[in-house]
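Structure record follows, encoded as structure tokens.
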Amino acid sequence: MEKDFVYYTLLFDIYGNLLTKKQQDYFKEYYFNNLSLTEIAENYQVSRNAIHHQLKQVILKLENYEN
């Protein structure tokens, strides 16, 4: 998991500006501020599932940009 963490944060540093503001915020909250999906959902008043979906989309986009 730590390898994934480092890998995705590095990709975010490179390609983060290509993401939407909301995607950037969710990524930062989860990876940099170490908040849980539930905590992020409560802070942004959306469902936990919405956060989970957005983070999966971010990972796919970052991997796509890298490829």
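- Counting only heavy atoms from C-beta outward, the side chains of Y65 and L11 never approach each other to under 4.5 Å.
- Across V6 and T9, no two heavy atoms sit closer than the pair O-OG1, 3.0 Å.
- The aromatic rings of F27 and F12 sit parallel, their planes meeting at an angle under 30°, below the 60° perpendicular limit.
- Distance check, rounded to the nearest 0.5 Å: NZ of K21 to OH of Y26 gives 10.5 Å.
- Between the side chain of Q24 and the main chain of G16, a donor-acceptor pair closer than 3.5 Å is present.
- In this structure, CG on N43 lies 11.0 Å from OG1 on T38, to the nearest 0.5 angstrom.
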Run the numbers on K61 and L19 for side-chain contact (heavy atoms from CB on, under 4.5 Å), then give the verdict.
CA-CA 8 Å; K61 283 185 176 185; L19 303 171; 3.8 Å; yes
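- If you take OG on S36 and CZ on R48, they are separated by 8.0 Å, rounding to the nearest 0.5 Å.
- Between L55 atom CG and Y31 atom OH the span is 6.5 Å, to the nearest 0.5 Å.
- Under the 4.5 Å side-chain heavy-atom criterion for ILVMFWY residues, a single connected hydrophobic cluster contains both L37 and F5.
- Using a 4.5 Å heavy-atom threshold, the side chains of K22 and Y44 count as separate.
- In this structure, E42 CD and I51 CD1 are separated by 10.5 Å, a value rounded to the nearest 0.5 Å.
- For the pair N34 and E39, the tightest heavy-atom approach, listed with the atom from each and the gap, is O-OE1, 4.4 Å.
- No chain of hydrophobic side-chain contacts below 4.5 Å, direct or via other Ile, Leu, Val, Met, Phe, Trp or Tyr residues, connects L60 to V58.
- Rounded to the nearest 0.5 angstrom, E66 CD and Y8 OH are separated by 11.0 Å.
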